[in-house]
Amino acid sequence: MEILMTDEPIGSYFEKFINKDSIFVDKKYLQSTYTPTTILHRDEQIKAIADILAPVLKLERPSNLFVYGKTGTGKTVTVHYTTNEISKVAQKYNKPVKVCYLNCKLKKIADTEYRLIAHISRMFGKAIPPTGLPTDEVYNIFYKAIDSTRQIILLVLDEIDQLIKKAGDEILYNLTRINEQLTNAQVCLIGISNDLLFIDNIDPRIKSSLSEEELVFPPYNAIQIQEILLSRAKKAFKPGVVAQGVIEKCAAYAAREHGDARRALDLLRVAGEIADREGSGKILISHIDKAERKIERDRVLDIVSTYPRQFQLVLYAIMMLRKSQREPLYTGEIYEVYKGLCKRVSVSPLTQRRVSDILGELDMLGLINAKVISKGRYGRTREISLSVPDSTIPKIEGILESALHLS
DNA sequence: GTCAATTCACATGAAAGAGACCACGGTCTAGTG
DNA sequence: CTAGACCGTGGTCTCTTTCATGTGAATTGACGA
C-alpha cells in the first residue's frame with residue numbers, strides 16, 4: 001500500500017486517479033483466473049485430453065484421468081479449456097454432460113471428505129449444511145442428486161494431493177467406486193496434482209482406478225514463457241508500454257522457478273501496477289525487480305498477520321533468538337524462548353511436539369528454513385534460519401508486537 | 001586404527017481429547033382462534 | 001392448535017496433547033594389529 005505523500009485534498013487525488021490514464025487496457029488477461037481462448041505450447045496435452053474424454057459425447061464413461069505437473073505449467077488452464085469445449089459441444093448436441101470443477105486447496109470448500117461431497121451436491125442444487133450431518137448421509141444425498149437423470153459428470157479435482165494429504169485416501173476410494181452405486185449417471189474423475197510423487201503414496205487399488213490414463217505437463221522453458229507473456233501482454237497493456245527486455249526478464253525469473261508461468265504473469269501484472277502508480281508511462285526492467293520484492297513482501301506480511309497466535313509466538317521467538325545468537329537455531333532453544341514468551345503474554349504454551357509441527361509448517365510457508373540434521377552424539381534436531389529478506393524484518397516485528405500486545 | 005554399540009535430542013506417527021460449530025427431533029411455551 | 005423457543009443427542013472439524021517409536025552420526029569402548 002503506497003501512501004499518499006502530498007498534502008493536496010483527497011478529492012482531487014481521486015479525480016486525478018480517474019483521469020490518469022493507465023497503461024493497462026484490461027488487467028484480467030494477466031490474472032491467473034483467466035482462461036485464454038488459445039493456449040500456447042500445450043497442443044499435445046489438449047489433444048491427449050480430448051482423446052481421452054471424447055467418449056462422453058457418446059455418453060460413454062471415459063477413463064479416469066490423472067494430470068501431473070509442477071505449479072504454473074498450465075494444467076488447470078488446459079483442463080479448463082478442454083472441458084469447456086466439451087461442454088459446449090455437448091450442449092450443442094444436447095448431450096447431458098456436466099463438468100464440475102473443484103479446487104481442493106480452497107479451505108472451507110473442499111478440504112475434507114464431507115465438504116467435498118457437500119460442495120458437489122450443492123452444485124446439483126441440494127442444500128447441505130456446512131456441518132452436522134453424518135458423512136454417509138451426505139453421500140446418500142449426493143447419489144440421489146446425480147442419479148436422478150441420465151448424465152455423465154466430469155469431476156475435476158484440482159490440487160488433489162492437498163485433499164489426500166489432509167483427509168486420507170478413503171475419499172478417492174469412495175469416489176472411484178461411485179459408479180457401482182449409480183444406475184443412471186456416470187462419473188469420470190479428473191485429478192490434477194502438483195506433486196509428482198503423490199500417486200506413489202496412495203493405495204495401489206485406488207491408484208490403478210484413478211489413473212487409468214496419465215498425463216504429464218512438462219515445465220515451460222524460458223522461450224515458451226516469453227511467448228505466453230507476450231500474447232497476454234498484447235491484450236492487457238496499451239501498445240508500446242512494455243519496455244525492451246521486460247518480458248525477457250519476467251520469463252527468466254519464472255524459468256528459474258521451474259517454468260512457472262503463473263508466477264511470470266503475476267510478476268508482469270504487479271510490475272504494471274507499480275509502473276502505473278509511479279506514473280511512469282512504461283514498464284521498465286526496474287519495475288520487475290520491485291514487483292518481485294513486493295509480491296514476496298505482501299505474501300510474507302499476509303501470512304504473519306493472519307496466522308494464529310501460536311504461530312506468531314513461535315515466529316517471534318525465532319526473531320528474538322536471532323538477535324542474541326547467530327543462526328542457525330535449533331528446535332530446543334526456540335522452544336525455551338517460546339515458553340518464556342508465552343509466560344510474558346500469559347498464553348499457555350504448547351507442547352514441544354506441537355511446536356515442532358509449527359516449525360515444520362513455517363518451513364512449508366517459506367518463512368523459515370528448517371533442515372533436519374543429526375549432530376551425532378548431540379542428537380537430532382532442526383537447523384533453523386529465518387528466510388525473509390532483512391528489509392521486511394522490522395515490519396514483521398511491528399506486526400507481531402502489536403498482534404501479541406508486546407511493548 | 002577399526003568396528004559395532006551406545007546415546008542424544010529431537011523428529012515423526014498414531015490416536016484420542018477438547019471445544020466450537022451445526023442439524024435434527026422432541027418438548028415446552030405463548031399466542032391465536 | 002400451532003409457530004417458535006429451547007433442549008439433548010449425535011455428527012464434523014480444527015487444534016492439541018499423549019504416548020510411542022524412529023533416526024543419524026558423534027562418541028565410546030572393546031578389540032586386534
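Atom CG of A:Leu116 is separated from atom C1' of C:dT12 by 15 Å (rounded to the nearest Å). Look at CD on A:Glu113: it is 10 Å from P on C:dT12, rounded to the nearest Å. Computed from coordinates, the A:Tyr330 OH to C:dA25 C1' distance equals 14 Å when rounded to whole Å. The distance from atom CD1 of A:Ile171 to atom C1' of C:dC13 is 13 Å, rounded to the nearest whole Å. For the pair A:Ile373 CD1 and B:dC10 P, the computed distance is 11 Å after rounding to whole Å. Taking atom CD1 of A:Ile358 as the reference point, atom P of C:dT14 lies 16 Å away to the nearest angstrom. Between the CG atom of A:Leu133 and the P atom of C:dG11 there is a distance of 11 Å, given to the nearest Å. Remark: C1' of C:dA25 and CD of A:Glu383 are 14 Å apart, rounded to the nearest angstrom.
Closest approach to the A:Thr381 side chain among C:dT14, C:dG24, B:dC10 is made by B:dC10 (side chain taken as heavy atoms from C-beta onward). Among the nucleotides C:dT16, C:dC13, B:dT12, the one closest to the side chain of A:Arg382 is B:dT12. Considering only side-chain atoms of A:Arg354, the nucleotide from B:dT12, C:dG11, C:dC15 that sits closest is C:dC15. For A:Arg353, counting side-chain heavy atoms from C-beta on, the closest listed nucleotide (B:dT12, C:dT16, B:dA11) is B:dT12. Taking the side chain of A:Gln352 as heavy atoms from C-beta on, and the options B:dC10, B:dC24, C:dT18, the nearest nucleotide is B:dC10. Comparing atom distances between the A:Thr135 side chain and each of B:dC10, B:dA11, C:dT12 picks out C:dT12 as nearest.
For A:Tyr68 and A:Phe217, the distance between ring centers is not under 6.0 angstrom.
In terms of phosphate contacts, A:Ser374 brings no side-chain nitrogen or oxygen within less than 4.0 Å of OP1 or OP2 of C:dT23. OP1 or OP2 of B:dA11 sits under 4.0 Å from a side-chain N or O of A:Thr331. Within the 4.0 Å cut-off from OP1 or OP2 of C:dT27, at least one side-chain nitrogen or oxygen of A:Tyr378 is found.
Judged by distance alone, the side chains of A:Asn174 and A:Glu113 do bring a donor and an acceptor atom under 3.5 Å apart. Side-chain contact of A:Thr71 with A:Asn194: a donor-acceptor pair under 3.5 Å is absent, judged by distance alone.
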Begin from the C-alpha positions of A:Glu361 and A:Tyr307 and carry the test side-chain hydrogen bond (donor to acceptor under 3.5 Å, both in side chains) through to its verdict.
-> CA-CA 11 Å; A:Glu361 285 178 58; A:Tyr307 264 61; over 6 Å; no
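Put simply, the side chain of A:Arg377 and the base of C:dG24 share no donor and acceptor less than 3.5 Å apart. Put simply, the side chain of A:Arg380 and the base of C:dT23 share a donor and an acceptor less than 3.5 Å apart.
Here A:Gln310 lies in heavy-atom contact (under 4.0 Å) with sugar-phosphate atoms only.
Residue A:Asp51 holds its CG atom at 10.5 Å from CG of A:Leu215, rounded to the nearest 0.5 Å.
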